[in-house]
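If you scroll down you'll find the structure; I have some questions about it.
Labels below follow one simple rule: chain letters A, B, ... track the order of the sequence lines, proteins then strands, and each chain is numbered from 1.
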Protein chains: 2
Amino acid sequence: MTETVGKKRAPVRTRDEKYDERRTQLAESALTTLGELGYARTSLREIAQHSEFSHGVVHYYFNSKADLIVHCVRYYKTKCSRRYDGVIATAATGEELIEGFVDTLVETLRNEAPMHRLWYDLRGQSMFEPEFREQVAIIDGLLEDMIWRIVTRYSELTGAVPAFSPGTTYAMVDGLFVKALLEHVNGTADALENLREQAFAILPALFRS
Amino acid sequence: MTETVGKKRAPVRTRDEKYDERRTQLAESALTTLGELGYARTSLREIAQHSEFSHGVVHYYFNSKADLIVHCVRYYKTKCSRRYDGVIATAATGEELIEGFVDTLVETLRNEAPMHRLWYDLRGQSMFEPEFREQVAIIDGLLEDMIWRIVTRYSELTGAVPAFSPGTTYAMVDGLFVKALLEHVNGTADALENLREQAFAILPALFRS
DNA sequence: ACCCAATCTTGACGATTGTCAAGGGCAGTT
DNA sequence: AACTGCCCTTGACAATCGTCAAGATTGGGT
C-alpha cells in the first residue's frame with residue numbers, strides 16, 4: 001500500500017501518516033478540553049464538540065476514552081520533558097543550568113497548568129484503575145530521567161556529587177511542583193515566585209558539596 | 001443501648017450527638033468504599049450498599065456527594081495527622097523521633113493505602129472543581145502543620161536548624177510519600193522499604209548542621 | 001397509650017455517558 | 001464509469017448517576 005511512489009512521485013503523506021496526523025490533531029484538541037474539565041467530567045461528545053469532528057470520530061481513532069487520555073498525556077509530557085534538553089546542552093556553568101531549569105519550570109507552570117493538572121489526574125486515577133498503571137509508569141520514568149539528566153549535567157559542570165537516588169530526587173522536585181501547581185490553580189498570586197524561590201533553595205541541597 | 005439513666009439526668013446522647021454519630025458512622029463506611037473505587041467511580045448507591053442503610057440516607061446526612069467525600073477525607077486525615085503526636089511527645093532523642101516518625105509513615109502506607117489515594121484523588125479533583133479547594137487547603141494545612149511539628153521538635157532535641165520553610169519541607173516529604181504510594185499500589189514489593197530508606201536519607205538534609 | 005418529629009425506605013425523574021453499528025460521501029484504482 | 005476501501009456522521013442503546021419527594025417506620029416525650 002505504501003509503494004504508490006511509482007506514479008505520484010512522493011505522496012507527501014501515506015495512509016498511516018495521515019492516520020497518525022489525525023490522531024495527534026485530535027489529541028491536541030482533546031488536550032485542552034481534558035485539561036479544562038479533568039478526566040471524569042469530560043465526555044467524548046464534549047471533546048468532539050471542541051474539535052472539528054463529530055463524536056463518532058473519537059472512537060474511530062481511539063479504542064476507548066482511557067486510550068485517549070493516556071495518549072494525550074503521554075504526547076504532551078514527552079514533548080514537555082524534552083523542553084529541558086536545550087538548557088542542558090547549552091548551559092556552560094552550574095548556575096546557568098539551574099537558572100534555565102527553574103525558568104522553564106516556572107514558565108510551564110504559568111502557561112500550561114491545565115496540562116499538568118491533567119497529568120496528575122491521570123496519575124491519581126491510575127491508583128484506582130490498573131489499566132492506566134503501565135503507561136503512567138512510563139511517563140513517570142520520562143520525567144524522572146529528565147530530572148536526572150539535569151542533575152548529572154550539573155554534576156559534570158560543578159563537580160558536585162548527587163546526594164540522592166534518581167527516584168528520590170524526582171519525588172522531591174515533583175512534590176514541590178505539585179504544591180506550586182495547587183497554589184497557582186487556586187489563584188495564589190505568588191505561586192510562581194514561590195516555586196522559583198523554593199527551587200533555588202532546594203537544588204543545592206540535592207548535592208554533596 | 002443507651003439505658004437512659006434515671007429520668008433525665010444525662011441523656012447520654014442528645015439529638016445532635018446522635019446525628020453526628022450517624023454521620024461519622026456513615027463516613028467511616030463510605031471511606032472504605034471510596035478508598036476502593038475512587039471518587040468518580042463510586043456511586044452513592046454503592047456506598048449505601050456497603051453500609052447498613054439505604055441510599056436515601058446518604059442524602060439525609062450529607063447535602064451532596066461532594067460534601068460526603070470532603071467530610072470523609074477530612075475526618076480521616078485529621079485522625080491520621082494526630083497519630084504522630086504521641087511520637088513527638090514521647091521521643092527523647094532526635095534519632096528516636098525520626099525512627100518513630102518513619103515507622104508511623106511506613107505503617108500508614110502499609111495499612112491505609114486506600115485512604116491515602118482517596119486523599120490525593122480529592123486534592124487532584126480540587127484543581128478542576130473549585131468547590132473542593134477550601135477544604136483541601138485546610139487538610140493540606142493539617143498535614144503541613146504535622147510535618148512542621150516533627151521538624152521543630154527535632155530542632156529542639158538536637159539543636160539542628162530547619163533548612164527550609166514549612167511549605168517546602170512538607171512538599172518534599174509529601175512528594176516522597178506519593179511516590180511510595182504509587183509504587184505500593186502498583187504492587188512493587190519493596191515500596192515500604194524504599195520509603196523507609198528514602199525518608200532516612202532525606203530527613204537529615206532538611207536541617208543545617 | 002398516644003402523638004409528633006426525627007429517621008429511614010422506596011421509587012422515580014431527568015440527564016448524561018461510553019460504546020457501537022449502520023449508512024453516506026469521497027478518493028483513488030481498475 | 002463502476003467499484004472499493006477509508007473516513008466520517010448520525011442515531012440509538014443500555015446503563016448509570018445524583019437528587020429529590022412522598023410515604024412508612026421508629027422512638028422519645030407527654
Side-chain angles (χ1 to χ4, degrees), chain A residues 1-26 29-30 33-34 37-72 125 129 131-132, chain B residues 1-26 29-30 33-34 37-72 125 129 131-132:
Chain A
M1 55 173 75
T2 40
E3 29 199 335
T4 45
V5 196
K7 291 223 161 172
K8 283 283 183 167
R9 248 300 255 131
V12 191
R13 305 179 304 180
T14 104
R15 272 291 183 285
D16 290 346
E17 279 172 354
K18 196 175 174 188
Y19 185 83
D20 286 345
E21 271 183 28
R22 256 300 120 86
R23 244 174 95 92
T24 66
Q25 178 187 3
L26 267 175
S29 172
T33 308
L34 281 166
L37 300 175
Y39 176 65
R41 304 164 48 92
T42 304
S43 71
L44 297 182
R45 285 170 177 80
E46 188 87 22
I47 290 177
Q49 225 158 6
H50 286 76
S51 81
E52 47 176 339
F53 303 100
S54 65
H55 72 271
V57 175
V58 182
H59 247 85
Y60 183 79
Y61 287 98
F62 298 94
N63 294 329
S64 67
K65 190 186 176 186
D67 256 19
L68 177 60
I69 188 186
V70 163
H71 184 86
C72 285
Q125 296 310 310
E129 179 55 70
E131 182 182 1
F132 290 141
Chain B
M1 54 175 75
T2 42
E3 53 192 285
T4 57
V5 192
K7 291 210 171 167
K8 308 183 173 184
R9 250 303 255 133
V12 191
R13 304 181 303 179
T14 101
R15 273 289 183 287
D16 291 345
E17 280 174 353
K18 195 175 175 187
Y19 185 83
D20 287 344
E21 271 184 26
R22 210 30 52 105
R23 243 174 98 92
T24 66
Q25 179 188 3
L26 267 175
S29 173
T33 308
L34 281 166
L37 300 175
Y39 176 64
R41 303 164 50 92
T42 304
S43 70
L44 297 181
R45 287 169 176 81
E46 188 87 22
I47 290 177
Q49 226 159 7
H50 286 78
S51 80
E52 47 177 340
F53 303 100
S54 65
H55 71 271
V57 175
V58 182
H59 248 83
Y60 184 78
Y61 287 97
F62 298 93
N63 293 330
S64 68
K65 191 188 176 187
D67 256 19
L68 176 61
I69 188 187
V70 163
H71 184 88
C72 285
Q125 295 311 309
E129 179 55 68
E131 182 182 0
F132 290 141

* **Whole angstrom value for the distance that separates C1' of D:dT19 from CG of B:Leu68** => 14 Å

* Candidate pair A:Phe62 and A:Leu44, rule side chain to side chain contact (heavy atoms under 4.5 Å, CB included), full reasoning -> CA-CA 11 Å; A:Phe62 298 94; A:Leu44 297 182; over 6 Å; no

* Atom of A:Ile47, atom of A:Ser29 and distance for their closest heavy-atom approach -> O-OG, 4.3 Å

* Asked: Rounded to whole angstroms, how far apart are CZ on B:Arg41 and C1' on D:dG18?
  -> 18 Å

* Asked: Would you say the side-chain atoms of B:Thr42 pair up with the backbone N or O of B:Tyr39, donor to acceptor, closer than 3.5 Å?
  -> no

* Value in whole Å for how far the C1' atom of C:dG18 lies from CG of A:Asn63 -> 13 Å

* To do: Send over the distance from A:His59 NE2 to C:dT19 C1', rounded to a whole Å.
  => 5 Å

* To do: Taking the side chain as every heavy atom from C-beta outward, state whether A:Glu46 and A:Arg41 have any pair of such atoms under 4.5 Å apart.
  => no

* To do: Starting at atom CD of B:Glu131, determine the distance to atom C1' of D:dG18, rounded to an integer number of angstrom.
  => 13 Å

Polar pairs (N or O, both sides) under 3.5 Å between protein and nucleotides 9-15 of chain D?
{"residue": "D:dT9", "atom": "OP2", "partner": "A:Ser54", "partner atom": "N", "Å": "2.7"}
{"residue": "D:dT9", "atom": "OP2", "partner": "A:Ser54", "partner atom": "OG", "Å": "2.6"}
{"residue": "D:dT9", "atom": "O5'", "partner": "A:Ser54", "partner atom": "OG", "Å": "3.1"}
{"residue": "D:dG11", "atom": "O6", "partner": "A:His55", "partner atom": "NE2", "Å": "2.7"}
{"residue": "D:dA12", "atom": "N6", "partner": "A:Arg45", "partner atom": "NH2", "Å": "2.7"}

* Asked: How many Å lie between CG on B:Leu44 and P on D:dG18, as a whole number?
  -> 4 Å

* To do: May I ask you to test the A:Tyr61-A:His71 pair for a side-chain heavy-atom distance under 4.5 Å?
  => no

* Answer yes or no: does a side-chain N or O of B:Ser43 lie under 4.0 Å from OP1 or OP2 of D:dT16? => no

* **Side chain A:His59, main chain A:His55, donor-acceptor under 3.5 Å** => no

* Mind checking B:Phe62 for me? I need base, sugar-phosphate or nothing, with any heavy atom below 4.0 Å counting as a touch. => nothing

* Sequence-distant partners of A:Arg45, side-chain hydrogen bond (donor to acceptor under 3.5 Å, both in side chains), two or more places apart -> none

* To do: Side chain of A:Ser64 only, please: which of D:dC7, C:dT19, D:dT19 is the nearest?
  => C:dT19

* Asked: Can you tell me how far C1' of D:dC17 sits from CD1 of B:Ile47, to the nearest Å?
  -> 12 Å

* **Separation of atom OH in B:Tyr19 from atom C1' in D:dG27, rounded to whole Å** => 18 Å

